[in-house]
Structure formats: C-alpha cells, structure tokens
S.K.: 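The structure follows.
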Number of protein chains: 2
Amino acid sequence: MAARVDLSGTEVSALARLEDRPREVRRGAVLQRENERGNDLYVVRRGVLMSYVLLDDGSRQILRFHFRGDMIGMPGMIYGRSPETIAALSDAEVCQFDRAALSRLFEDHPRLAALILVLNQVERVALTDRLAALGRTSAKARVAALMLDMRNRMRAGDPSVVDTYTLGLTQEEIGDATGLTAVHVNRMLRQLEEDGLIAREGGRVTIRDERALARAANYVDRFEGLELGWLPAAR
Amino acid sequence: MAARVDLSGTEVSALARLEDRPREVRRGAVLQRENERGNDLYVVRRGVLMSYVLLDDGSRQILRFHFRGDMIGMPGMIYGRSPETIAALSDAEVCQFDRAALSRLFEDHPRLAALILVLNQVERVALTDRLAALGRTSAKARVAALMLDMRNRMRAGDPSVVDTYTLGLTQEEIGDATGLTAVHVNRMLRQLEEDGLIAREGGRVTIRDERALARAANYVDRFEGLELGWLPAAR
DNA sequence: CGTGTCTTTGACGATTGTCAATGTACGTGG
DNA sequence: CCACGTACATTGACAATCGTCAAAGACACG
C-alpha cells in the first residue's frame, strides 16, 4: 500500500499491528479449507499461495495466485465457512489477524479502510479479466496470459525479475488455473516456445517476445492508472 | 443492506443522501463505457443492467448482471477509466453519487463502510463461482446455472417470483455471459427443456425441477451464511 | 405488409479432452 | 552408490464438445 499513498505515522503503526502475528506455511500446506470455518485474514509476507475450489466431479479451478502483500481469506471471514481452499505453492510466511482487528481498522482509519476497498476492486478487475479469458479466448491465449501475469506479479515484489522467472507451477496447476487439461497445456506451451514467444528450461520461463506474447494473450496490465486522490484524509 | 443489519437513524439518512440523485436509464442505454472516464458510482433502484468487456476480436464477455440494490461502477471509480461497459437491459433507474460522497461515508460511518466491503466480497465470490463454471463445467451446466441464478436474483428483489420469471435476455446475451455461442445456447436450452428441467414460452422461463437443475448446474446459493456480528458499532 | 431481430435447425469442422504409453528428474531407502 | 518409486512432462491416436456457416421460421414493430 505504501507504494501508492503517503501513510501517516499512526496508519503505519496500525498496519504494523496487523502484522504482529507471523506464521510459517510449508509448501503444499493448506491454510484454509473449503467449507470449514476460517474467519481470520492473512497478509502474505513471503512466498506464493493459491485459492481454489473443487467441483463435485473432482475437478479443480484455481481462482487466484497470492503474492507478497496480498490480503487473503476475506471470503472466509464474511461467510461462516470459507468458500475456497487456500494452499501454499511454496514455503511462505503469512501474518494472521482476526475480524476484530479489521473492525477496529475501519473505525480508526477510514483511509486505510478505503484502501482495502481499492485493493479489493483491483482484485475484482483481475478476476473479471480472467473470466473474459476463460469465456472468450483460446487455450493458447490463456496460457500466454498466465505466463505474462505471473511474471508481472513476481516482478512487482522483486524488481530483479525481468524476463526470466521460476514459474513454480506444474502443468496440471496451469491447467486448473486456465480451465484446460494438463495435456493441452503442454501442447500450448510447446507452441508458444516454437513461435519464439517464450523459452523454458528446468522450471524457469523466459519471455522472449513480450510484445507478441501480450498480443497473443489480450493482456492488459491492471496496476496502471489507479486514481487515489479522493481517499479520506489520513488519521 | 437493511435486510441484514439494524441500521441506526444516522446511517439510514447517510444512505438516503447517497440516493438523492435519481437518474432514468433507457433499455439499451450505456451508463458507462469501457475506457472512458466514469468516476461516479450508482445504486440500482429499478431494472436490470449488465457489465461487459469487448475483446479485440469483437467478442463480448458479460461479467455480471445488476439488480435492485447493487452498487455499480466501483472499478471505474478506482481506475481513471472504466475497465468495463455498463448498459441497461431493461428500462431502469439508478442513483448516482461521486467519490467524495463515498469518502465521507467511510469517514463518518465505519459500519456502512464495512458493509460495503462485505457486499464487495459477496460479489467476488459470485465471480469466482462463475470463473469455476467457465473453466470447469459443461455448456449445459453453465446455462442451467444462469437460469437458476437469474431466478434467485429476481426473487430477492420481488418475492412474488417463485418458479416463473421473465429472463429478459437474448440467446446471444446468454452466450456472452456463459462463454458460448448463441447457437449452442439454443441447443442447451432445448436439452434442459427436453429433460424436463425448465419450460419456456414467450420469453418466460419456468423452473420445473429445481433440485435436478441445481444438480446439473453445480449451483451454490451464496447469499446464505453471511456472518456480520463482527462489524464496527453503528454511528 | 415489409423489415429487422431473434430463434431454430442441420451439416460440417475445429478446438480441446481422453486415454495410454513413454521418458525424465528427483528423492528415498537399501 | 544403486535401485526403486513417484511425480511430472511429453507424445500420439482418437473422441467429444462446441463453434461456424447457412438457411429458414417466428415475432414484433413501424
């Protein structure tokens, strides 16, 4: 948040209080399970996590990947039971806090409350972009979009990432995120590679032609163009 | 909102102030256009609207249908330009208000701010349900889910709706919402009718076997089970 | 009555899924 | 160090779902 807005001293310490309960999560561990109680929120401090749902034929849809700074678990907090499972894709560290802490934040820091709303809306737009991708673009475009999006989100948390990064996903997970089968994901990755748009070796992906990849993917970067001048005053 | 929480007098009047600028929208009219400025918010008072995006091959993805009580335009308020188009599916009435009004609401009424966050999360979960439907369910299931969802949302605003309702969508629009072509939507509607799950005549849909329809659709009603005891105190 | 939009239907084709087999890397225990 | 097992990637053949194209029917509206 601090990257976007000048926070006041009391705001900084209010946010710091939210992050005083760090918790380690191992790769593969489940932080919150679908249909079970889970009323706490988490902020990702390190690592990558994902949310997914399981359908009753056993198939899985990955809803979202979570990176450093993301606030997760809000749907579980709103509903009595979590509508989705949250699991760690890598070893990760999260900071846990509860409903009461969020409630106090809303009372004492209207600007931070509004910023949380803004982050929610950024996530909403990312979800609708993905909705449009699943509904209206080809398998190749969806895989290309995922390659670009993961690069951008990793770069946001680590500026040393430029064109090459460690994806950290199996092809089955890519398929579960893009609505494809693992086999077809493999075909699409090969095609992207043959077209010279990406390169792969040992779990690392290199973007070779960003322009063409973005074109193939219908990609729009949604972290541009936020307007935050209207927020309430700091407290 | 009032259906879920006992609002205080000042809260009621704060909400009423948001709704003091009613505006009529004709069927087919566009309230906010993709990529154009549109920083105001709206609450739907009457009628049905939709949000959609256009892809550069000309195809359309309908993101969401908006009914009475929905707050719309938030993505456009956050970004300088709206990421989606909002258009009226029927004659409708909306109440317009601006960023400053929302900002004041956050300052003066933390509980209402938290409620807005809750409504945002309900919408988020609805979007992820649709994401899972597009990614992992068959054409038939998606159409079935739309039939059920539209019924439920109409019933929420008009308790006289039980099993029969006026859909108010062309088959092309159903396709743009479910990620299908109009032709295939037609085939799926016919199948649902032949299976005895729905009936159709003259733009009106009747749900004949709700249980089976819900099973065919993987449907979960997400307006159950909200827990709001943690909200800040009223002001 | 004519025009345009929407629905319906059939034939055909393309994209994507399914199944099955093989290859490869990596970790674990002997 | 080697053997083995497991998870993941790759490939090919085939099938199913869904899209495309085209034409005709239904319906509302001026």
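Throughout, a chain's letter reflects where its sequence line sits, starting with A, and its residues are numbered from 1.
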S.K.: For residues 26-33 of chain B, dump all side-chain donor-acceptor pairs below 3.5 Å to protein atoms at least two apart in sequence or in another chain.
M.R.:
unit_1	atom_1	unit_2	atom_2	d
B:Gln32	OE1	B:Ser82	OG	3.1
B:Gln32	NE2	B:Gly38	O	3.2

S.K.: Heavy-atom distance under 4.5 Å between the side chains of A:Arg60 and A:Glu173, does that happen here?
M.R.: yes
S.K.: Has A:Glu193 got a side-chain atom pairing as donor or acceptor with A:Arg200's backbone, closer than 3.5 angstrom?
M.R.: yes
S.K.: Do the non-hydrogen side-chain atoms of A:Gln191 and A:Val143 ever get within less than 4.5 Å of each other?
M.R.: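 Answer no - side chains too far apart.
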S.K.: Indicate whether the side chain of A:Asn152 and that of A:Tyr219 have a donor and an acceptor atom separated by less than 3.5 Å.
M.R.: yes
S.K.: Once each nucleotide of nucleotides 5-13 of chain D is scored for protein heavy atoms under 4.0 Å, what B/S/- sequence comes out, 5' to 3'?
M.R.: ---SSBBBB
S.K.: Does either side chain, that of B:Asp56 or that of A:Asn218, offer a donor lying less than 3.5 Å from an acceptor on the other one?
M.R.: yes
S.K.: Which nucleotides of nucleotides 24-30 of chain D have their base under 4.0 Å from a protein heavy atom (B), which only their sugar-phosphate (S), and which neither (-), written as one string 5' to 3'?
M.R.: -------
S.K.: Quick one: does B:Ile174's side chain get under 4.5 Å of B:Leu167's, heavy atoms only?
M.R.: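 A side-chain contact under 4.5 Å exists here.
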S.K.: I need the residues from residues 138-147 of chain B with at least one non-hydrogen atom less than 4.0 Å from DNA chain D; give them sorted by number, or say none.
M.R.: B:Ser138, B:Ala139
S.K.: Will you find, in the side chains of A:Gln61 and B:Arg136, an N or O donor that is under 3.5 Å from an N or O acceptor?
M.R.: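 The criterion, which ignores hydrogens and geometry beyond distance, is not satisfied for B:Arg136 and A:Gln61.
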S.K.: Taking A:Thr128 for its side chain and A:Leu131 for its backbone only, find out whether a donor-acceptor pair lies under 3.5 Å.
M.R.: no
S.K.: Can you tell which of A:Glu194, A:Arg187, A:Met188 makes a side-chain contact (heavy atoms from CB on, under 4.5 Å) with A:Arg190?
M.R.: A:Glu194
S.K.: Considering the terminal five base pairs at each end of the helix from C:dC1-D:dG30 to C:dG30-D:dC1, what angle separates the two local helix axes, rounded to 10°?
M.R.: 40°
S.K.: Donor-acceptor pairs under 3.5 Å, side chain of residues 66-73 of chain A to any protein atom, not counting sequence neighbours: which ones?
M.R.:
unit_1	atom_1	unit_2	atom_2	d
A:His66	NE2	A:Ser51	OG	2.4
A:Asp70	OD2	A:Phe67	N	2.9
A:Asp70	OD2	A:Arg153	NH2	2.6

S.K.: Could you state the CG-P distance from B:Asp176 to D:dG19, rounded to the nearest angstrom?
M.R.: 11 Å
